[in-house]
Amino acid sequence: TIKTLMQNSKPGEFKNSLDCMNQLMKKEGTFAVYKGVKAPMTGVGAVFAIYFFAYDTTEKALRSYKGIKPEQNISLADCLICGGATGLFGSIILGPAELIK
């Protein structure tokens, strides 16, 4: 909110970002600083859901392929494979969304 106000303000309207925040809070109240937070926070939840789904799916496939029981820990190398696959999957799904945004 502060960044957007600063970008859209006339030159000299605010001394700095702290001055912008103080003026905003005086005019509209303390919670005005959090305007527009719902959409990004919802997006973050969706992103983490995709990451957890990708990691879990990769781990289950790896366990099935290697015959590792659910109560056994996976090795560090297997963990890295799961993390890498998660990153790859996340990039494929979320990359275009970031470009649109």
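These values consider heavy atoms only, across backbone and side chains, with no hydrogens, waters or symmetry-generated copies. For the single chain, residues carry numbers from 1 onward in sequence order.
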Hydrophobic cluster membership, with links at side-chain heavy-atom distances under 4.5 Å among I/L/V/M/F/W/Y: are [X] and [Y] in one?
X: Val47; Y: Ile92; value: no
X: Met41; Y: Tyr34; value: yes
X: Leu62; Y: Phe53; value: no
X: Leu80; Y: Ile74; value: no

Where [X] and [Y] come nearest, the two heavy atoms and their spacing:
X: Ala54; Y: Thr86; answer: C-OG1, 3.8 Å
X: Tyr55; Y: Gly83; answer: CE1-N, 3.9 Å
X: Ile2; Y: Ser17; answer: CG2-O, 3.7 Å
X: Glu13; Y: Gln23; answer: O-NE2, 3.6 Å
X: Pro96; Y: Ser91; answer: CD-O, 3.9 Å
X: Phe14; Y: Ser9; answer: CE1-CB, 3.5 Å

At what distance, to the nearest 0.5 angstrom, does CG of Leu94 lie from CD1 of Ile50?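 Between Leu94 CG and Ile50 CD1, I get 4.5 Å after rounding to 0.5 Å.
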How far does OG1 of Thr57 sit from CZ of Phe89, to the nearest 0.5 angstrom?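 The OG1 atom of Thr57 sits 7.5 Å away from the CZ atom of Phe89.
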Determine the interplanar angle of the Phe48 and Tyr51 rings, folded into 0 to 90°, and report it as parallel if under 30°, tilted if 30 to 60°, perpendicular if over 60°.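 Phe48 vs Tyr51 ring planes: perpendicular.
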Verify, without hydrogens or angle tests, whether Asp56 (side chain) and Phe52 (backbone) share a donor-acceptor contact under 3.5 angstrom.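 It does not hold such a pair.
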Met21 pairs by side chain to side chain contact (heavy atoms under 4.5 Å, CB included) with which of Asp19, Leu18, Leu24?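 Of Asp19, Leu18, Leu24, side chain to side chain contact (heavy atoms under 4.5 Å, CB included) with Met21 is met by Leu18 alone.
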Kindly check if the number of other-residue, nucleotide or ligand heavy atoms within 6.0 Å of CG (Asn16) is above 12?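 Enclosed: over 12 neighbouring heavy atoms sit under 6.0 Å from CG of Asn16.
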Would a 4.5 Å heavy-atom cut-off, applied to side chains only, mark Asp78 and Ile68 as touching?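 Counting from C-beta outward, Asp78 and Ile68 do come under 4.5 Å.
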